[in-house]
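Per chain, numbering begins at 1; letters A, B, ... match sequence-line order.
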Protein chains: 2
Amino acid sequence: MGRAGLTADRVTLAGAELADEAGLDHVTMSAVARRLGVKDASLYAHVRNLEDLRGRIALLAADEKTLRIAEAIAGRAGKDALVAYANAWRQYAHDHPGRYMATQIPIQIDPELVARAPGPRRAVELTYGMLRAYALAEPDLTDAVRLMRSTLHGFTSLEAAGGFAHARPAEDSWVRCLDALHTLLEHWPPRDEGDPA
Amino acid sequence: MGRAGLTADRVTLAGAELADEAGLDHVTMSAVARRLGVKDASLYAHVRNLEDLRGRIALLAADEKTLRIAEAIAGRAGKDALVAYANAWRQYAHDHPGRYMATQIPIQIDPELVARAPGPRRAVELTYGMLRAYALAEPDLTDAVRLMRSTLHGFTSLEAAGGFAHARPAEDSWVRCLDALHTLLEHWPPRDEGDPA
DNA sequence: AGATACAATCTAGGGGCATTAGGAAAAAGC
DNA sequence: GCTTTTTCCTAATGCCCCTAGATTGTATCT
């Protein structure tokens, strides 16, 4: 019997592919081992356990998504950048539904692994950078970043879960929501409390 | 041995409680049976299988969340209603993290069961009703509803997953995001394509 | 009340998955 | 070539999902 040449990365990739094809909860040690032509126990030399594997898939997805966004917004600014950013986000969720869902699980990932992965950190930096065109000062900038990420994540997440009935194409609503976000960022409300009715 | 007096609803409730206490993926047939002082096999007289149980938990959560929102916005209008709606949403997610997460799973619920549950349908109606104060015409109204739901779901979801680093309190960002949504709804961008730069 | 029908729960068992421990075999180092 | 390390395997344990068939409690009918 030859050797399979497994590594943590190859196991993670197999798990990610399985997640996209069959759904995240079909990502089991057994299924991943089968896909790699290996016995389940063999995986434990490369991955601590199932939870660890799912965490690695989540980090892989974060890295990939960040990379796509970075490429998409390179050389763009303003609304162009906003739309490119958002479309790259949504497209990644469509192309890799299982990996994307992996990023949603309440995180309990090996901190050392997280430190090594550039994805999550860079994602936030990219968002800040992209929004800098709108000239928001802290803490408004942070709030805008969070609103932005919330809306994009919420939309793609609801869309994936079938949350939008088929009355109006989700695509159309998406475009309009981006218009709305752009408008909002250009007219971010002032922080004062007592605005006279 | 006396009888346990199980019903589908009691099984669902036990599952929901377990989801909130221990996390959705600790909701297993065995665990629910243990909590009810019953053997696992006994549950199958009331619930088709584990997937069915999770679907029922999701519907229960949808109903409960909708009810809370309905109570919160009763008698309110405009920004008052918006804030009450959003806070009720977020509060439900905080109070019942497991149930809330159950509503996120890609739905594969018994259609007959869904038809019987008022929650999901009513939730959409409530949102439309609340936004009617902003005088949006279709299809903008639908897009606004979707943006609204996306943002609220995305925020609570990211918050629950620990997506917001602790730099700025999530609570503060939440309040500002609601301000922003209100502003946006009052100044919803027109549908025209060619807006001159 | 006694017999009967119905439903709820249990016992028993098959099959899958996660995980650990220890052995064999391939690759790498000396 | 021999030793060491790494990779992968076999074996075994325990939990979990789910089905089938027996059993027992409750309601109904006469």
*Asks:* Whole Å only: how far is the NE2 atom of A/His26 from the C1' atom of D/dC17?
*Replies:* 14 Å
*Asks:* Without decimals, in angstroms, what is the distance between A/Leu36 CG and D/dC8 P?
*Replies:* 10 Å
*Asks:* Just the rounded figure in Å: distance from P of D/dC17 to CZ of B/Arg48.
*Replies:* 17 Å
*Asks:* Whole angstrom is fine here: how far is it from CG in B/Leu18 over to P in D/dC16?
*Replies:* 11 Å
*Asks:* Quick one: does NZ or CZ of A/Arg146 land under 6.0 Å from the six-membered ring centre of B/Phe164, within 45 degrees of the ring axis?
*Replies:* yes
*Asks:* Quick one: which of D/dT10, D/dA20, C/dT9 gets closest to the side chain of B/His46?
*Replies:* C/dT9
*Asks:* From CG of A/Leu43 over to C1' of C/dT20, roughly how many Å is that when rounded to an integer?
*Replies:* 14 Å
*Asks:* Quick check for you: among C/dT9, D/dC16, C/dC10, whose closest atom lies nearest to any side-chain atom of B/Lys39?
*Replies:* C/dC10
*Asks:* How close or far is atom C1' of C/dA27 from atom CG of A/Leu6, stated in whole angstroms?
*Replies:* 15 Å
*Asks:* Let's see if you can work this out: which of D/dC16, D/dC9, C/dC10 has an atom nearest to the side-chain heavy atoms of B/Ser30?
*Replies:* D/dC16
*Asks:* Salt bridge between A/Arg35 and A/Glu21, side-chain N to carboxylate O under 4.0 Å?
*Replies:* yes
*Asks:* Given D/dT10, D/dC16, D/dC18, identify the nucleotide with an atom nearest to the side chain of B/Tyr44.
*Replies:* D/dC18
*Asks:* Nearest to the side chain of B/Arg34 - C/dT19, D/dC18, D/dC16?
*Replies:* D/dC16
*Asks:* Verify the contact: side-chain N or O of B/Thr28 to OP1 or OP2 of D/dC15, cut-off strictly under 4.0 Å; return yes or no.
*Replies:* no
*Asks:* Out of D/dC17, D/dC9, D/dA20, which nucleotide sits closest to the side chain of B/Ala41?
*Replies:* D/dA20
*Asks:* Look at the side-chain N and O atoms of B/Ser42 and state whether any lies under 4.0 Å from the OP1 or OP2 oxygen of C/dA8.
*Replies:* no
*Asks:* Give the rounded distance in Å between these two atoms: CG of B/Leu50 and P of C/dG15.
*Replies:* 21 Å
*Asks:* Any carboxylate oxygen within less than 4.0 angstrom of a Lys/Arg side-chain nitrogen, looking at A/Glu171 and A/Arg90?
*Replies:* yes
*Asks:* Answer with yes or no after comparing the ring centroid distance for B/His94 and B/Tyr100 against a 6.0 Å cut-off, counting only values under it.
*Replies:* no
*Asks:* Can you tell me how far C1' of C/dC17 sits from CZ of A/Arg35, to the nearest Å?
*Replies:* 18 Å
*Asks:* Show the nearest heavy-atom pair for residues A/Asp20 and A/Gly98, with the distance to one decimal.
*Replies:* OD1-N, 2.9 Å
